Amino acid sequence: MESEKRLMSLIHSVRVLNSTRDLSEVLHQLIREVHNVIGGANASVLFLYDKQSEFLYAKSAIGFDMEFMKHARLRPGEGMSGRTFLLKKGNIFYSEEDTAYGMSNIPKETENYYAQALGKMEYPESAICVPLLSNNECIGVLTVDIYEKDIQFDEADLQLLETFAGQAAIAIENATLFSQNERTKRIHEELSKVSLSKGGLSDITRSLAGLIDHHVLVFNQFMESLAISSQEAEPLARDLKDKFGSLLEASLSKSGFSSHRIRLFKQGHFIYFFPIKTEKMTLGLLTIIIEDYSKLDPLDKIAIEQAIPIFAMEIDRQERLLAEDFNNSGTILEQLIHAPYDELSSNHLAKLNFPEHDSHHYVIVQFLIKNPLLAFEKISSKKQQLMRLIYREVSNLSYKTLVYDKNMEITLMFTVSSSLDEEQIFQHLKKLFSQIIKTSSEKLALANLAGFGQVVKKLKDVHLSYRDAKRCVQYLQTAYKGESLLTYKQLGPYRLFLKFDRKELKEYAEAILGEIINYDHNNGTELLKTLQVYLESNQNMEKSSKQLFVHVNTVKYRLKTIYTILRVEELSGREAFELQLGLRILEYLDMKA
C-alpha cells in the first residue's frame with residue numbers, strides 16, 4: 001500500500017514538472033514535490049552546476065533561507081553534494097556522524113551561509129544526495145535532509161528519489177532550453193529596439209542593466225569608459241579602472257567571457273567581462289558588476305553573449321559617424337593649408353557650420369606616425385585604431401576640429417577662444433597630445449611626433465600655422481632627440497636651419513668656432529661654454545661668472561684667450577652675431593657646446 005502511494009505521488013510529481021516550461025517554476029515545483037515523494041524530509045536543496053566557474057550553486061530550497069543559501073558554492077568533491085556530483089551516483093548518509101563527515105571539507109564561507117540559511121549550525125540526522133544526469137553528464141545534485149532524531153532514509157527512499165531525479169533532469173533540461181531561448185530572444189529584441197531607434201550606446205547599456213538588474217559598464221579598447229548604466233555605477237567604474245586596470249586589459253584580449261571575485265569600496269563583487277569584437281578587431285569590453293558576490297544567472301550570461309553584436313554594431317556605428325564627419329572636414333582643411341583662402345573655402349565652411357568668427361583663433365597641429373618599417377597591413381590596422389582614438393579625443397572639445405589624414409601624417413586644425421593666450425593654448429594641446437602619444441605607444445606600439453604651429457586670427461593665415469607645425473615635426477625627426485612634442489616658439493631660429501644641408505651647416509659652424517673647439521679639446525678648457533654663457537648674458541662678466549660658478553677673473557682670462565684665438569680685440573655686433581649663430585647651429589646639430 002505504501003509503495004503504491006509513493007508511486008502515485010511520483011507520477012503526480014512528474015506531471016507537475018512537465019506542466020510548465022518556465023525554468024524558475026520547474027525548479028520551484030521540483031523542490032516542493034520532493035517532500036511529497038520522500039516522506040519524513042525536513043529540508044531539501046537543489047544545486048546546479050555552472051561549467052564556466054566550475055561551481056555547484058544553490059538554486060532552489062525548502063527549509064533553508066535562500067537569501068543566504070543562494071551564496072553557497074561547492075566545487076566538485078566538496079560536501080555531500082559535491083561528492084555525489086563526482087560519483088554520478090546516489091548516496092545515503094544514515095547518521096549525523098555520516099553527514100558531519102560528508103560536510104567536513106566544505107569551504108568555511110559556504111558553511112557560514114549554510115548555518116545562516118538553516119538558522120543555526122546543525123548536521124542532518126540523515127540525508128540523501130542524488131545526481132541529476134543528462135546524457136550521462138551531471139547537471140546538478142538534489143539533496144534531501146532529515147533533522148529529526150530516530151528517523152532515517154532507506155534504500156527505498158534512494159531508489160524513489162533517483163527515479164524522481166531522472167524525470168526532474170529531463171524537465172530541467174527542457175525548461176532550460178526553453179527559458180534560454182526566451183530570455184535570449186527577449187534581451188535581444190529589447191536591445192535591438194533601442195539600437196534601431198538610434199538611442200545610442202548609453203541607452204542600450206541602461207536597457208541591458210534594467211533587464212538583468214545589475215550594473216553594466218562599457219569600456220573601449222583603450223580602457224576609456226564609453227557608457228555607464230547609472231550614476232550609482234560611476235564610482236564603481238572608477239574604482240574598477242584604478243585598481244584593476246591590468247585585469248581589464250587581460251580580459252579584453254581573451255576570446256570569450258571571464259569572471260572574477262573582487263572587492264570594490266571594501267565590498268565583495270562578482271565581475272563579468274565580455275569582449276566586444278568584430279571579425280577584424282576588438283572594440284571594447286562589456287562589464288557586469290554584481291554586488292555581494294552574487295553570480296550572474298547562467299541564462300542571462302548566454303543572453304548577454306548573444307547580444308554582444310548589438311554593442312559592437314553601435315560602437316562601430318558611432319565611430320564611423322565620427323570618422324565620416326572628420327573625413328568631410330579633411331577636404332576643407334586640405335584647401336586651407338595648401339591653397340589660398342578664397343570664396344570657395346568660405347562656402348564649404350558655411351556648409352559645415354564652421355563660420356569665421358572674431359572670438360575664434362586657429363592653430364594647426366601636425367601629427368606624424370614614425371613606424372614606416374611595419375608591414376602595410378599591420379600599420380594600416382594600427383593607424384585605423386589610432387584614428388579612432390584621435391577622433392574620440394577631439395570630438396569632446398568645445399569647438400569643432402578639422403582633420404586631414406594623408407599617409408602617415410595627420411593634420412588637425414583646432415578652433416580656440418581668442419580670450420586664451422598662446423601659452424594657455426599650447427598647454428592644453430600638449431596635454432591632449434601627450435595622452436594620445438602615450439596611449440598610442442602603450443596600446444598600439446606606435447611612435448608619434450606632434451608639432452604645434454603659431455596661433456592665427458584668420459582662416460586665410462592657417463597655412464602659416466601649418467608651415468610652422470611641419471617645421472616642428474621636421475626638426476623633431478632630425479635633431480630634437482628624445483622629445484615627441486614641439487611648439488613653433490620652442491623651435492625658434494632653428495626653423496631657418498631646416499632648409500640647409502647638415503654638412504653645410506657643420507662646415508659653417510666649424511669655420512666660425514673650430515679653433516675654439518680644437519683649443520678646448522687639446523687643453524681641456526671650457527672656452528666654448530664660457531663664450532656661450534657670456535654672449536647669452538649680454539656680455540656681462542659678473543653674471544657669466546655666477547652662472548659658470550667661477551671667479552670673475554677666470555672669466556676675464558678665458559675671454560682674453562678667446563679674443564686671441566679669434567684675433568679680435570672685442571666682440572662687436574657682427575662678430576657676436578656670427579658667434580651666436582655658430583653656437584645655435586652646434587645646438588641644432590646636437591653638438592654639445
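Since the structure is predicted, the reported quantities are computational estimates derived from the model, not experimental observations.
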Asker: My understanding is that only residues two or more places apart in sequence, or in another chain, count here; which of them pass salt bridge (charged side-chain N to carboxylate O under 4.0 Å, His left out) with K108?
Answerer: E111

Asker: Under the side-chain contact (heavy atoms from CB on, under 4.5 Å) criterion, do I315 and V218 qualify, and how do the steps go?
Answerer: CA-CA 10 Å; I315 293 174; V218 180; 4.1 Å; yes

Asker: Looking at Q385, K277, K254, Q221, which hits side chain to side chain donor-acceptor pair (under 3.5 Å) with T282?
Answerer: K277

Asker: Under the side-chain contact (heavy atoms from CB on, under 4.5 Å) rule, what do F64 and L118 come out as? Steps first, then yes or no, please.
Answerer: CA-CA 5 Å; F64 296 99; L118 190 61; 3.9 Å; yes

Asker: Under the salt bridge (charged side-chain N to carboxylate O under 4.0 Å, His left out) rule, collect the residues that match up with R83, sequence neighbours excluded.
Answerer: none

Asker: Are there over 12 heavy-atom neighbours, none belonging to Q384, within less than 6.0 Å of that residue's CD?
Answerer: no

Asker: My understanding is that only one of L142, L46, V141 makes a side-chain contact (heavy atoms from CB on, under 4.5 Å) with S81; could you say which?
Answerer: V141

Asker: Measure up the F433 and F414 rings against each other and bin them: parallel (under 30°), tilted (30 to 60°), perpendicular (over 60°).
Answerer: perpendicular

Asker: My understanding is that only one of F270, Y113, Y114 makes a ring-ring contact (aromatic ring centres under 6.0 Å, His included) with H71; could you say which?
Answerer: Y113

Asker: Any donor and acceptor pair, going by atom type alone, linking the side chain of T110 with main-chain N or O of R73 inside 3.5 Å?
Answerer: yes

Asker: Can you see which heavy atom on L264 is nearest to which on I271, and at what distance?
Answerer: CD1-CD1, 4.3 Å

Asker: Not counting sequence neighbours, which residues clear ring pair (Phe, Tyr, Trp, His ring centres under 6.0 Å) with Y404? List them please.
Answerer: none

Asker: Give me each pair satisfying salt bridge (Lys or Arg N to Asp or Glu O under 4.0 Å) with a member in residues 215-230, each pair once, sequence neighbours excluded.
Answerer: E224-R392

Asker: Which residues pass the ring pair (Phe, Tyr, Trp, His ring centres under 6.0 Å) test with F244, sequence neighbours left out?
Answerer: none

Asker: Output, in order, the C-alpha distance, side-chain angles, deciding distance and verdict of side-chain contact (heavy atoms from CB on, under 4.5 Å) for L322 and Q318.
Answerer: CA-CA 6 Å; L322 268 179; Q318 289 186 359; over 6 Å; no

Asker: Between K400 and T415, what is the shortest heavy-atom contact and its length?
Answerer: O-OG1, 3.2 Å

Asker: Rounded to the nearest 0.5 Å, what separates atom NE2 in H214 from atom CD1 in I288?
Answerer: 8.5 Å

Asker: Specify whether H360 and Y362 have parallel, tilted or perpendicular ring planes, treating 30° as the upper limit for parallel and 60° as the lower limit for perpendicular.
Answerer: perpendicular

Asker: Can you find a pair of side-chain heavy atoms, one from I310 and one from V194, that are under 4.5 Å apart?
Answerer: no

Asker: How close do V45 and A58 get, counting heavy atoms only, and between which atoms?
Answerer: CG2-CB, 4.0 Å

Asker: State whether the side chain of N135 and the backbone N or O of E137 hold a donor-acceptor pair below 3.5 Å, judged by distance alone.
Answerer: no

Asker: Got a sec, which residues hit side-chain hydrogen bond (donor to acceptor under 3.5 Å, both in side chains) with S230, two or more places apart in sequence or on another chain?
Answerer: E232

Asker: Just to verify, what does E234 make a salt bridge (charged side-chain N to carboxylate O under 4.0 Å, His left out) with, not counting sequence neighbours?
Answerer: none

Asker: Test of understanding: with ring pair (Phe, Tyr, Trp, His ring centres under 6.0 Å), list the residues that count as partners of F426, not counting sequence neighbours.
Answerer: none

Asker: Which heavy atom of L74 sits nearest to which heavy atom of G82, and what is that distance?
Answerer: CD1-N, 4.4 Å

Asker: Is there a donor-acceptor pair under 3.5 Å between the side chain of N105 and the backbone N or O of G77?
Answerer: yes

Asker: Test side-chain contact (heavy atoms from CB on, under 4.5 Å) on F47 and L132 and set out the steps.
Answerer: CA-CA 9 Å; F47 286 94; L132 301 173; over 6 Å; no

Asker: Atom CD1 in I436, atom CG in L412: separation rounded to 0.5 Å?
Answerer: 7.5 Å

Asker: Who passes salt bridge (charged side-chain N to carboxylate O under 4.0 Å, His left out) against D239, sequence neighbours left out?
Answerer: K243

Asker: Is there a side-chain contact between L208 and S229 (heavy atoms, below 4.5 Å)?
Answerer: no

Asker: Could you give the distance from CG (L217) to OG (S225), rounded to the nearest 0.5 Å?
Answerer: 6.5 Å

Asker: What distance separates R206 CZ from I228 CD1, expressed to the nearest 0.5 Å?
Answerer: 11.0 Å

Asker: Would you name the heavy atoms of G140 and L56 that are closest together and state the gap between them?
Answerer: CA-CD2, 4.4 Å

Asker: Just grab all the salt bridge (Lys or Arg N to Asp or Glu O under 4.0 Å) pairs involving residues 427-450, residues at least two apart or on different chains.
Answerer: E249-K443

Asker: Just verifying a value: how many Å separate Y147 OH and Y123 OH, rounded to the nearest 0.5 Å?
Answerer: 11.0 Å

Asker: Going by the salt bridge (Lys or Arg N to Asp or Glu O under 4.0 Å) test, which pairs reach into residues 303-317, not counting sequence neighbours?
Answerer: K301-E305, E314-R317, D316-R320

Asker: Please identify each residue that fulfils ring pair (Phe, Tyr, Trp, His ring centres under 6.0 Å) with F68, with sequence neighbours left out.
Answerer: none

Asker: Side-chain contact, heavy-atom cut-off 4.5 Å: K193 with S207?
Answerer: no

Asker: Could you report the tightest heavy-atom contact between T205 and A227, atom names first, then the distance?
Answerer: OG1-CB, 3.4 Å

Asker: May I ask you to test the F311-L226 pair for a side-chain heavy-atom distance under 4.5 Å?
Answerer: no

Asker: Report yes or no: does S441 contribute a side-chain atom to a donor-acceptor pair with the main-chain N or O of I437 at less than 3.5 Å?
Answerer: no

Asker: Could you state the interatomic distance from CD (E319) to CG (L283), rounded to the nearest 0.5 Å?
Answerer: 6.5 Å

Asker: Are any of the side-chain heavy atoms of F55 and R75 separated by less than 4.5 Å?
Answerer: yes

